[in-house]
Amino acid sequence: MTKFSANLGFLWQDRPLPDAIRAAKAAGFDAVECHWPYAVPAEDTLAALSETGLTMLGLNTSRGNTENGENGLSALPGRQADARAAIETAISYARTIGAKAVHIMAGFASGPEAHRTFVENLVFAASAAPDLTLLIEPLNPHDAPGYFLQTTSQAIEIIEDCKCPNIKLMFDCYHVARTEGDVTTRLQNLHSNIGHIQFAGVPSRGRPDEGEINYLAVFDAISKLGWSAPLGAEYKPANDTDASLGWMQTLV
């Protein structure tokens with residue numbers, strides 16, 4: 001049976017992170033993941049994980065200065081010190097709470113120098129955390145115009161340039177569908193490079209049983225690949241999170 005992880009960056013946003021973890025357990029999720037947990041002491045997050053028996057699959061590096069519109073630092077030329085500080089903070093938090101992965105956010109940049117900067121920072125992260133999976137995620141240009149990493153082919157090129165076995169692709173079905181389409185074929189072709197899979201309805205980014213993607217078929221294709229890790233529910237509920245969870249019974 002398909003397992004699911006609750007992305008607490010979007011689900012139960014009205015609750016402190018420890019309470020959101022408890023809500024995910026009560027709703028029947030198999031794991032959790034989050035975006036930026038840093039305002040919550042890692043010990044509090046760990047206590048909620050220990051209480052519920054859930055694993056935190058992953059978290060993101062800092063976006064940087066959000067008041068200036070930043071959305072990640074690791075591909076920004078001239079910001080290596082800030083990027084690496086953010087990487088070290090994420091690694092420390094992840095290790096404290098037993099998280100399995102860190103998503104290294106690229107940020108808004110373009111061009112060969114940004115590519116080189118991203119690769120160098122990823123290699124730094126891989127060396128600093130050989131015990132963790134480091135994820136890179138293409139974001140679609142509708143939601144994140146100007147984001148450095150936009151396609152799966154670009155991500156594979158970066159992974160190959162890094163030559164680090166613990167750097168993997170975060171395959172978000174929503175972003176891939178919005179930018180490239182042909183989700184199941186891309187899952188099959190990129191399977192060996194994928195470290196985590198996420199999903200949401202297309203094009204709304206709402207609950208996955210709404211929109212143009214047949215997730216029953218997508219989840220079946222993922223299962224046939226031998227994938228057994230929980231899939232990340234990273235969608236935006238229209239209102240109350242608990243009221244949006246009917247798909248957990250119908251898409252399995």
Side-chain angles (χ1 to χ4, degrees), residues 1-15 19-35 49 52-60 99-101 103 133 135 137-140 142-143 152 168-252:
M1 181 174 290
T2 302
K3 297 178 181 179
F4 297 112
S5 168
N7 191 298
L8 304 179
F10 287 156
L11 305 183
W12 293 289
Q13 285 192 75
D14 57 332
R15 307 183 190 193
D19 288 343
I21 292 170
R22 297 181 182 100
K25 175 66 174 181
F29 280 95
D30 303 287
V32 291
E33 56 200 68
C34 63
H35 290 165
L49 293 170
T52 58
L54 295 179
T55 297
M56 182 74 75
L57 297 187
L59 51 89
N60 296 350
K100 305 295 186 182
H103 169 207
T133 298
L135 300 169
E137 180 184 20
L139 304 185
N140 78 77
H142 307 285
D143 291 349
T152 54
K168 297 288 186 178
L169 169 66
M170 176 117 76
F171 190 106
D172 188 320
C173 298
Y174 165 76
H175 286 296
V176 173
R178 293 278 277 159
T179 303
E180 304 174 70
D182 208 5
V183 170
T184 54
T185 298
R186 294 187 194 282
L187 280 164
Q188 291 160 359
N189 292 343
L190 299 170
H191 176 224
S192 63
N193 287 295
I194 295 174
H196 185 45
I197 299 172
Q198 296 177 326
F199 62 91
V202 178
S204 68
R205 206 171 194 179
R207 51 188 288 174
D209 54 354
E210 299 176 350
E212 61 192 44
I213 298 294
N214 178 1
Y215 275 110
L216 196 61
V218 172
F219 294 160
D220 181 62
I222 292 170
S223 178
K224 288 177 179 175
L225 293 172
W227 189 273
S228 58
L231 309 178
E234 192 185 36
Y235 70 93
K236 298 179 179 179
N239 293 297
D240 177 68
T241 296
D242 288 293
S244 76
L245 297 176
W247 61 268
M248 293 181 71
Q249 282 69 53
T250 59
L251 295 181
V252 292

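Quantities reported herein were computed from a predicted structural model and do not represent experimental measurements. The basis for the numbers below is simple: all heavy atoms, side chains too, and nothing from hydrogens, waters or symmetry mates.
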Working note: Val183 + Phe171, criterion side-chain contact (heavy atoms from CB on, under 4.5 Å); need CA distance, chi angles, decisive distance, verdict. CA-CA 10 Å; Val183 170; Phe171 190 106; 4.0 Å; yes

For a side-chain contact (heavy atoms from CB on, under 4.5 Å) check, start with the C-alpha distance between Leu11 and Tyr235, then their side-chain angles and the critical distance, and finish with the verdict. CA-CA 7 Å; Leu11 305 183; Tyr235 70 93; 3.8 Å; yes

Could you check Leu245 against Trp247 for side-chain contact (heavy atoms from CB on, under 4.5 Å), going step by step and ending with a plain yes or no? CA-CA 5 Å; Leu245 297 176; Trp247 61 268; 4.0 Å; yes

Determine, stepwise, if the pair Tyr174 / Asn140 fulfils side-chain contact (heavy atoms from CB on, under 4.5 Å). CA-CA 9 Å; Tyr174 165 76; Asn140 78 77; 3.5 Å; yes

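Atom CG of residue Leu231 and atom OH of residue Tyr215 lie 10.0 Å apart, to the nearest 0.5 angstrom. Interatomic distance, NE2 of His103 versus CG of Asp172, reported as 9.5 Å (0.5 Å rounding). For the atom pair Ile194 CD1 and Asn189 CG, the distance stands at 9.5 Å (nearest 0.5 Å). Here Leu49 contributes atom CG and Met56 contributes atom CE; the two are 5.0 Å apart, rounded to the nearest 0.5 Å. The OG1 atom of Thr185 lies 12.0 Å from the CD atom of Glu180; values are rounded to the nearest 0.5 Å.
No side-chain heavy atom of Thr152 sits less than 4.5 Å from a side-chain heavy atom of Asn193. The shortest side-chain heavy-atom distance between Leu187 and Val176 does not fall under the 4.5 Å cut-off. Taking the side chain as every heavy atom from C-beta outward, Arg205 and Asp143 approach each other to under 4.5 Å. By the 4.5 Å heavy-atom criterion applied to side chains, Leu8 and Arg15 are not counted as neighbours. Looking only at side-chain heavy atoms (C-beta outward), His142 and His175 stay at 4.5 Å or farther from each other. Counting only heavy atoms from C-beta outward, the side chains of Thr179 and Pro138 never approach each other to under 4.5 Å. Here the side chains of Leu57 and Pro230 are in contact, with some heavy-atom distance below 4.5 Å.
Closest approach of Ala27 to Met248, counting heavy atoms only: O-CE, 3.9 Å. Shown here for Val252 and Leu216, the closest heavy-atom pair between the two residues is N-CD1, 3.9 Å. Taking both residues in full, the closest heavy atoms of Leu54 and Ala31 are given as CD2-N, 4.0 Å, listed atom of the first, atom of the second, then distance. Annotation for Ser5 and Phe29: closest pair C-CD2, 3.6 Å, computed over non-hydrogen atoms. Annotation for Asp240 and Ala243: closest pair OD2-N, 3.0 Å, computed over non-hydrogen atoms. Nearest heavy-atom pair across Ala99 and Leu59 is CB-CD2, 4.4 Å.
When the shell of 6.0 Å around NZ of Lys100 is examined, it contains 12 or fewer heavy atoms from other residues, nucleotides or ligands. Heavy-atom neighbours of Asp14 CG from other residues, nucleotides or ligands within 6.0 Å: above the threshold of 12.
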Show me, pair by pair, the donor-acceptor contacts under 3.5 angstrom made by side chains of residues 195-204, not counting sequence neighbours?
unit_1 : atom_1 : unit_2 : atom_2 : d
His196 : NE2    : Glu33  : OE1    : 3.0
His196 : NE2    : Glu33  : OE2    : 3.3
Gln198 : NE2    : Glu33  : OE2    : 2.8
Ser204 : OG     : Gly206 : N      : 2.9

Exercise answer: donor-acceptor pairs, residues 219-229 side-chain atoms, under 3.5 Å, sequence neighbours excluded:
unit_1 : atom_1 : unit_2 : atom_2 : d
Asp220 : OD2    : Lys224 : NZ     : 3.1
Trp227 : NE1    : Ala229 : O      : 3.2

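In this structure Ser192 satisfies the side chain to side chain contact (heavy atoms under 4.5 Å, CB included) test with no other residue, sequence neighbours excluded.
His35 and Glu234 share a donor-acceptor pair across their side chains, judged by distance under 3.5 Å alone.
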